[in-house]
Amino acid sequence: LGFTKDDKQYLNNHLKFSLRYHKDVETNLYRVVGFLIETHSLDTSSVQINDDKTCTIKDQKPQEIKAGQSNPVYFTYSVSWKESDVKWASRWDIYLEMSDTQIHWFSIINSIVVVFFLSGIITMIIIRTLRRDIAKYNMADEDLEESIEETGWKLVHG
């Protein structure tokens, strides 16, 4: 929200919007193709509020915040429009260009190891469960077979 300089705290209370637009010649439409937002600190003495609810910025003195005191603050913004040659369809190209093609091998290998490890644990649990269920059903004593209720994976049916 601000910055510290020479053991004094300053508040960023002004936003500077730089909007870039492109005019389509065929349709005669204006479209925003980019923007940049910068923060600044402006002291209340640097801002003059006009009668029509607009303001004029006189100088660029920063807004200091003093602890334990009343600090009147004006929050302001300014907008500048700049024409751009970038067309609407290619507005994302600057973000999609891959300038750093370094492959993160450690992350890829780590993910593969974790997948195999978890798959192995799940496989061991399933095998132990199936062995235990099959051992119960293959008991030699026929009297026990009649008294055993169906349990385990035999209960799963469609």
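The shown structure was predicted, so the numbers you read here are calculated from the model rather than taken from an experiment.
- Heavy-atom contacts from other residues, nucleotides or ligands closer than 6.0 Å to CG of Asp52 number more than 12.
- In Lys87, the NZ atom is not crowded: 12 or fewer heavy atoms of neighbouring residues, nucleotides or ligands sit closer than 6.0 Å.
- A distance-only check finds no donor-acceptor pair linking the side chain of Thr54 to the backbone of Asn50 [under 3.5 Å].
- Residue-environment remark: CG (Asp85) stays at or below the threshold of 12 foreign heavy atoms within 6.0 Å.
- Ser41 OG to Phe3 CZ: the interatomic distance, rounded to the nearest 0.5 Å, is 5.0 Å.
- With contacts defined as side-chain heavy-atom distances shorter than 4.5 Å, the pair Phe106/Ile108 does not qualify.
- When all heavy atoms of Val86 and Ser90 are compared, the closest pair comes out as CG1-O, 3.8 Å.
- Residues Leu11 and Val73 come closest through the heavy atom pair CD2-CG1, 3.7 Å.
- Remark: Ser46 OG to Tyr74 OH distance equals 11.5 Å, nearest 0.5 Å.
- Not a single donor-acceptor pair under 3.5 Å links the side chain of Asp24 to the backbone N or O of Leu29.
- The distance from atom OG1 of Thr76 to atom NE2 of His40, rounded to the nearest 0.5 Å, is 9.5 Å.
- Note: Tyr10 OH to Asp43 CG = 9.5 Å, rounded to the nearest 0.5 Å.
- Using a distance-only test at 3.5 Å, with no hydrogens or angles considered, a donor-acceptor pair links the side chain of Arg91 to the main chain of Trp88.
- For the atom pair NZ (Lys82) and CG (Leu19), the distance works out to 10.0 Å, reported to the nearest 0.5 Å.
- Annotation for Arg20: atom CZ does not count as buried by contact number, only 12 or fewer foreign heavy atoms lying within 6.0 Å.
- No side-chain donor-acceptor contact under 3.5 Å links Gln9 to the backbone of Lys66.
- Atoms CD1 and OG, on Ile37 and Ser18 in that order, are 9.0 Å from each other to the nearest 0.5 Å.
- Two residues are said to be in side-chain contact when any heavy atoms from C-beta on lie closer than 4.5 Å; Tyr77 and Phe17 meet this criterion.
- Across all their heavy atoms, Tyr30 and Lys23 have their closest contact at OH-CD, 3.5 Å.
- Considering only heavy atoms from C-beta on, Arg31 stays 4.5 Å or farther from His22 through its side chain.
- Annotation for Leu1: atom CG does not count as buried by contact number, only 12 or fewer foreign heavy atoms lying within 6.0 Å.
- In this structure, the side chain of Asn71 engages the main chain of Gln69 through a donor-acceptor pair within 3.5 Å.
- With a 4.5 Å cut-off on side-chain heavy atoms, His14 and Ile57 count as touching.
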